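Note that the structure is predicted; figures quoted are calculated from it, not measured.
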Amino acid sequence: MKLVPLLLVLLLAGCGHPLVQPEPVYPSAAPFEAVVYLEQEDREGRGILRRETGGLFLTLEEPREVDGLAFAQEPGEGLVLSLGELSVQLPPDSLPASAPFRLLKECLEQAPLLPLEEQEDGSWAAQGTCSGGAFRLWVDRESGKFLRLEVSQESFLVTFENLRFSLEGEGRP
């Protein structure tokens, strides 16, 4: 009769949390949209960042002086800057290496190709190099959603909020 309680204890012990933690979800290369808060040295801004199969698009909302300024770059195309009905097309690499849109574009292109590493604080990040120097993109371990991006050599920090993946087919232009 002592065998039944022992078997019961062994069975229940196996019902707890798994000993091996699941692998973290990698940063996604899927289309997305997010509110982004940008900081670089003493400048701050807010905008909407979208990545579609047709490219990367950033529309600034703050500071007020640049509200509506938009950056767009599609694969194999030049960079388009627009404000209202005014627009200009520039060569793809015409922005300086420290320009926020260029940093965002380069880091987000590379991050899905890089391994995630656990950081000292227990968070997960992809680390790589862009024209502005070394970068780190922190992601949510379970969803792969971007949390923040830092390019320390350029004093550049981006915080992502309300990120939604897979916007294709939602009536976007």
With hydrophobic residues grouped by side-chain heavy-atom distances under 4.5 Å, do Leu137 and Phe165 end up in a single group? yes
Checking the side chain of Glu44 only, and the main-chain atoms of Tyr37 only, is there a donor and an acceptor separated by less than 3.5 Å? no
For the residue pair Asp140 and Leu163, establish whether any side-chain heavy-atom pair is separated by less than 4.5 Å. no
Can you tell me if Glu106 uses its side chain to pair, donor with acceptor, with the backbone of Ser131 under 3.5 Å? yes
Find out whether Phe101 and Leu81 are in side-chain contact, i.e. whether some heavy atom of one side chain is under 4.5 Å from a heavy atom of the other. no
Single-linkage hydrophobic cluster Val66~Leu49, side-chain heavy atoms < 4.5 angstrom: yes
So do Gln40 and Leu103 actually touch side chain to side chain, heavy atoms under 4.5 Å? yes
About how many Å separate CD of Glu61 and CZ of Arg46, when rounded to the nearest 0.5 Å? 4.5 Å
Count I, L, V, M, F, W, Y as connected when their side-chain heavy atoms are under 4.5 Å apart, and connections chain through other members. Are Val88 and Leu60 then in the same cluster? yes
Taking every heavy atom of Thr59 against every heavy atom of Ala70, the minimum-distance pair comes out as OG1-CB, 3.9 Å
Pairwise side-chain contact, Val80 with Phe71, heavy-atom cut-off 4.5 Å (strictly under): no
Spatial distance of atom CZ (Arg102) from atom CD (Glu154) [nearest 0.5 Å]: 10.5 Å
State, yes or no, whether a side-chain contact exists between Leu38 and Leu104 at a heavy-atom distance under 4.5 Å. yes
Do the non-hydrogen side-chain atoms of Leu108 and Phe32 ever get within less than 4.5 Å of each other? yes
Given side-chain contact (heavy atoms from CB on, under 4.5 Å), test Gln73 with Leu56 step by step and report yes or no. CA-CA 6 Å; Gln73 190 156 18; Leu56 188 68; 5.6 Å; no
Once side chain to side chain donor-acceptor pair (under 3.5 Å) is applied, what residue pairs with a partner in residues 74-99 remain, sequence neighbours excluded? none
Do you reckon Leu113 sits in the same ILVMFWY cluster as Phe146, going by side-chain contacts under 4.5 Å, direct or chained? no
Locate the shortest heavy-atom distance separating Ala72 from Phe57; write the atom from each residue and the value. CB-CD2, 3.4 Å
Glu150 vs Trp138 side-chain heavy atoms within contact, under 4.5 Å: yes
Leu69, Leu90: one ILVMFWY side-chain cluster at the under-4.5 Å cut-off? yes
Between Arg136 and Ala125 the two heavy atoms that sit nearest each other are CG-CB, 3.4 Å
In this structure, CZ of Phe156 is separated from SG of Cys107 (nearest 0.5 Å) by 7.5 Å
Of the non-hydrogen atoms in Pro31 and Glu52, which two are nearest, and what is the gap between them? CB-CA, 4.1 Å
Is there side-chain contact between Gln127 and Leu114, with at least one heavy-atom pair below 4.5 Å? no
Between Arg141 and Ser123, is there a donor-acceptor pair closer than 3.5 Å when you use the side chain of the first and the backbone of the second? no
side-chain contact (heavy atoms from CB on, under 4.5 Å) with Val36: which of Leu58, Ile48, Thr159, Leu149? Leu58
